[in-house]
Amino acid sequence: METLKHDLISIRDLSREDIDFLLREAQRLKEGKPLHTLKDKKVASLFFEDSTRTRVSFETAAASLGGYVNGFSSAEGTSVKKGEPLADTVRMFAGYGYDALVMRHNLEGSARFAADVLEIPVINGGDGSNGHPSQTLLDLLTISSAHERIDGLKIALVGDLKYGRTVHSLLQALEHYDAEVWLTAPELVKMPEWRVADYRQHTSRDVKNIESLSEVVRNVDVLYMTRIQRERFPEGLEGQMEYERISNIYRLTPELLQEAKEKMIILHPLPRYKTQLENSLGVDKLPQAHYLNQAQQGLFMRQALLHHLLLGHWFSGKPKTVSEPESQWEELSIPDGTKKGERMVYRLDNGTVIDHIEESQGKKVLEALGLRDYHETPLILAQSLSSDRYGRKDVIGVQNRELTEQELSILALVSARARVNIVRDGRVVRKGKIVPPAVVERLVQCQNRKCVTFPDNYEHAPSKFYVEEREPLLLRCHYCEEPVGRERMKLVC
Ligand code: NCD
């Protein structure tokens, strides 16, 4: 039987059943003695970025199940320092016969990219500011151990919600639970709007933005504190000043916590800063402080993950499915085989007329289609024509040529209104609106500079987007998960 390769890259890959299954499995491992289920298995632990808990708990988890672990704990001393691309580094470990790879990297989408180039399971131990799914699973384990449920709780995420990957994954996971999410962050590091929009869209619930930490303390059942991610701020003086401006805004102290509910728990993915402790040392002694215990839960959750990923017993294990449109064309009827308006502007006997392009977008469409060389492809661009339907429109006529499938896809991406007419011997033989494909590969450039596909990062990851909505168009980067609409979309040229 062919076994599917399973990775843990994003919380988005998991259903509620998957998460609940893993919580039960980790609980089972916590209560029992680990069996040597990973005997003869090799786990690569590749930490291109600093880590204490995630790396050591994964490595300890693998070793406690009888597995062999090797890798590196920083790029220092490896060929990464010589400028090696990520794909080469990870491929080599697969080549040495490793059975799984755990990785942390500063680029967003790096783990997804590694998973795409490898045949072995990949676990994301943190990809830049994007996500940290195994941390979220251990966070949920801590919450459900303390409260015996996740549904019905009020959960506040506090601190750096912009750059903090743990809170990004946690917010995604909370979509599956009937919890109330409160967000508390300095203006400069608020939760990105698109992440909140995703939460709203997937749950039909809203988050609560609360400025006052004491209000949070008085009300919530879980207070998830985070460190301001200094290393992700822009380099130089400006970044330094931004960081200093916000680094001390939210701080938990025993005094502030006096009004907390007795059963409230404080979590923190750790590390915390020794110079400006966001959870002061006095808090450690309070019954609400669960963060040290939280880190310990990581061992059991990571045992559960390694066990199931390596042995191929994945939970529901559904690969991502995309629904391709039935046809690239949404056919429109052809009234009488000709088009009066076009005849007034030009006469095209054979070729393609792209009609109803948004006013002043004609040039952009030509550019997107690579039809800049007017000599090579005889064509007509008519701008700002009057249109009964839209007031004004641009029209393009391409002589003696029909558009390829790829060109039609590009057209559907750049223009919402365009209608394509295929003309043969002076008659329109096909007319329709072009439907964007389900997956857009190598056509659109992700605008997130930290994305593994961004050209300046030189990882040579091919761009890939899923079409989440066709109208209005919304694409989602396969790697860094950022959405992009038509207005901000940039084509790869
Ligand atoms: C977090 C991380 O690396 O994202 N730590 C962790 O994995 N336990 C949080 C942080 O670095 O602040």
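Read the numbers this way: they start at 1 and go in the same order the structure lists the ligands and their atoms.
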Tell me whether [X] is salt-bridged to [Y], with the criterion being a basic N under 4.0 Å from an acidic carboxylate O.
| X | Y | result |
| --- | --- | --- |
| D206 | R200 | yes |
| K261 | D221 | yes |
| E471 | R486 | yes |

Ligand-residue contact atoms, ligand 1 with [X], heavy atoms, under 4.0 Å:
| X | result |
| --- | --- |
| H132 | 2 (C), 4 (O), 6 (C), 7 (O) |
| Q135 | 6 (C), 7 (O), 8 (N) |
| P271 | 10 (C), 11 (O) |

What's the shortest distance from atom 4 (O) of ligand 1 to any protein heavy atom, and which residue and atom give it? R165 NE, 2.7 Å

Among protein heavy atoms, which sits nearest to atom 9 (C) of ligand 1, and what does the distance come to when rounded to 0.1 Å?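 Nearest protein contact, heavy atoms only, for atom 9 (C) of ligand 1 is L270 O, 3.7 Å.
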
Does the side chain of S45 pick up a donor-acceptor pair with the side chain of E59 at under 3.5 Å?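 Looking only at side-chain atoms, E59 and S45 do form a donor-acceptor pair, the distance falling under 3.5 Å.
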
Would S15 and D18 count as having a side-chain donor-acceptor pair, cut-off 3.5 Å? yes

Given S110, C446, S129, the one that forms side-chain contact (heavy atoms from CB on, under 4.5 Å) with C480: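 Among S110, C446, S129, the one meeting side-chain contact (heavy atoms from CB on, under 4.5 Å) with C480 is C446.
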
Surrounding CD of E238 (heavy atoms of other residues, nucleotides or ligands, distance under 6.0 Å), is the total greater than 12?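 No, CD of E238 has 12 or fewer neighbouring heavy atoms, counting only those of other groups under 6.0 Å.
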
Contact between P269 and ligand 1, counting heavy atoms under 4.0 Å? yes

Report yes or no: does a heavy atom of E49 sit under 4.0 Å from some atom of ligand 1? no

Heteroatom proximity flag, R53 to ligand 1, N/O under 3.5 Å: no

Look only at interatomic distance and state if R227 has a nitrogen or oxygen under 3.5 Å from any nitrogen or oxygen of ligand 1. yes

Any idea which part of T166 is under 4.0 Å from ligand 1, heavy-atom wise: side chain, backbone, both or neither?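 For T166, only side-chain atoms sit under 4.0 Å from ligand 1.
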
